[in-house]
There are 2 protein chains.
Amino acid sequence: MQITFLGTSSGVPTRGRNVSSVGLRLDMRAEVWLFDCGEGTQHQLLRSDLKISQITRIFITHTHGDHIFGLMGLLATYGLAGSPTQIDIYGPPGLQEYLRACQKYSHTHLSYPLRVHVVEPGIVYEDGEYIVSCEPLKHRVTAFGYRIAEKDRAGRFNVEQAAALGIPSGPIYGKLKRGENVTLADGRLIKGSDLCAPPEAGRKVVYCTDTVYCDNAVTLAQEADVLIHEATFSHQDAQLAFERLHSTSTMAAQVALGAGVKHLIMTHFSPRYAPGNALMLEDLLKEARAIFPNTELAYDFMTYAVPRRLDRSLVTS
Amino acid sequence: MQITFLGTSSGVPTRGRNVSSVGLRLDMRAEVWLFDCGEGTQHQLLRSDLKISQITRIFITHTHGDHIFGLMGLLATYGLAGSPTQIDIYGPPGLQEYLRACQKYSHTHLSYPLRVHVVEPGIVYEDGEYIVSCEPLKHRVTAFGYRIAEKDRAGRFNVEQAAALGIPSGPIYGKLKRGENVTLADGRLIKGSDLCAPPEAGRKVVYCTDTVYCDNAVTLAQEADVLIHEATFSHQDAQLAFERLHSTSTMAAQVALGAGVKHLIMTHFSPRYAPGNALMLEDLLKEARAIFPNTELAYDFMTYAVPRRLDRSLVTS
Ligand SMILES: [Zn+2]
Ligand SMILES: [Zn+2]
């Protein structure tokens, strides 16, 4: 799982930061999942290591323009690149209608199936390896945070040891791999857990934007490996944050602390914290680290490979 | 009048070229007029010498995505920059509905008046100094080319000479300035034309995209100082041009020649003519110059100051 920040500014692009989008590359598949898609996301993808043709799913937090105005251009370009297969889009109500209107008035005929799913709190998507769930956040319009959880992987089955014990290969191996116990024809009881390394816990990435501090974010981010949380404002501008239902750096850190995450990456910064202003992004970082030390500031094209949880199957072999 | 190309690629952005937009800075006012607004136009403006806050009018040729997907983001950003006044948008039917749908689903509330004008062939806009007119082109959807004409300026009135002739200042000066003849109280007949430098002809800029070769483009571009014309394809790919109702470099040159323009700048190039392809943009340029030598290829951020027509008031004074 590798995270690439494609846009880290709130509201409007600046020379150095585009509006919101985050790409998540899945190690085990040639797949990219996108979270939000502000204007110019396809341009950022062109300048990144991610390929537009590898996008399979797009998760939208809310329909404010700085999170969706790049969708139509990206979808049109995806249809012209390589051999488009299908894109699934997940998001709040209104997204489907927005995309339909854009397609209608721009005469865009997509050459591939586009499926738009209206999300509700809970599980949004699941396959053999991942579960994506969402919870409502607290913003001026309906907004959802997303949690992407890798499923736990079974520990490696020790084939060599099984062979050395004289266990006949075949269906018995399958049972032992699943951790079941098996009584052999000769009467020996073999425990699957003795032949399997401990399972490896899946990693969890959580994406929370746009929102003011809310308990749902803490619930969603519970023990995540990485929490990506918006920090539009400095703690000193908390009044603005409450008025506009955005977070301060302090709120982001409080969510990280409350949820017991490993790592916090803040993003979605107001362009006001630029050199020349009394407050700069380094101040937001200091404010957050005072509460949650393992905090970083995102920047455009920053990549972060989420470390695998201790792979005990390697340690014990 | 200074032209800045903000995007010169057709259909999709590339690393070096964005999708369509052209800025026109008016010398005599702190105003920028925009022609088309593909996704990422506001980003290109940030990197150019033009200011988003100076935009007053936006002219849209047609509603294909690569010409309008940057509109909403730009309009939202304009509302947040400086002190927004008003924007007038001109374009084909459907544009108003597109913008309304985008505003609705993205919850965008513009803080300034936005007026959308549906254009019809003929005069689209006129003030004391400029006339903008349009003609339908030949594309897959309704598309208009635009002609921006500076009005002719009266030649300078020679105040010194009038004083030397003993002409009393006042209303008589006004008549003479307008080129009228006046009989003074002492019986002398004074011809206004003797006291005024010849008028200076206004400049004409014409923007034709997207279109296959069409006579309307020739009519619209008549004796323009600069014709900006799309050249999506090489002459060797003319079959594609006819199928998709786009122009080849040769068609652009034929329009320039037929209209007797001074200067042709080609734009809206298919990304296929990149290094590595059998054909490159230099080939499109050669094809065009064989027909119309005074041709150039646009590139992103290229600027062109349209030369004033021979200023005879300076020459004769
Ligand atoms: Zn928002
Ligand atoms: Zn078009």
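Just so it is clear, the structure is predicted and the values come from calculations on it, not from any experiment. Note: hydrogens, waters and symmetry copies are ignored here, and every other heavy atom, side chains too, is used. Numbered from 1 within each chain, the chains take letters A, B, ... in sequence-line order.
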Practice item. Could you label the plane-to-plane angle of the A:Y112 and A:Y78 rings as parallel, tilted or perpendicular, counting under 30° as parallel and over 60° as perpendicular? Key: perpendicular
**Study point:** Segment of A:D66 engaging chain B (4.5 angstrom heavy-atom cut-off)
**Key:** neither
**Study point:** A:T77 portion near chain B, given a 4.5 angstrom heavy-atom threshold
**Key:** both
Practice item. Specify whether A:H246 and A:H268 have parallel, tilted or perpendicular ring planes, treating 30° as the upper limit for parallel and 60° as the lower limit for perpendicular. Key: tilted
Point to revise | For chain B, the option from A:R47, A:E97, A:Q103 that forms the most heavy-atom pairs under 4.5 Å | key: A:E97
Practice item. Report the distance from atom CG of A:L74 to atom SG of A:C37, rounding to the nearest 0.5 Å. Key: 4.5 Å
Check your understanding: Where does A:L80 contact chain B at under 4.5 Å (heavy atoms): side chain, backbone, both or neither?
Key -> side chain
**Study point:** Identified ring-ring contact (aromatic ring centres under 6.0 Å, His included) partner of A:Y125 from the options A:W33, A:Y146, A:F59
**Key:** A:W33
Check your understanding: With respect to chain B, which residue among A:V141, A:T108, A:L95 yields the maximal number of heavy-atom pairs within a distance under 4.5 Å?
Key -> A:V141
Study note, to complete from the structure: Per-residue tally against chain B (heavy atom, under 4.5 Å) across A:V19, A:T14, A:L46 peaks at A:L46
Practice item. Scan A:V22, A:T232, A:T61 and name whichever one has a side-chain contact (heavy atoms from CB on, under 4.5 Å) with A:T209. Key: A:T61
Review point. Contact part of A:H64 toward chain B, heavy-atom cut-off under 4.5 Å: side chain, backbone, both or neither?
Key: both
Exercise for review: Count the heavy atoms of every other residue, nucleotide or ligand shown that sit under 6.0 Å from CG of A:N277, and state whether that count exceeds 12.
Suggested key: yes
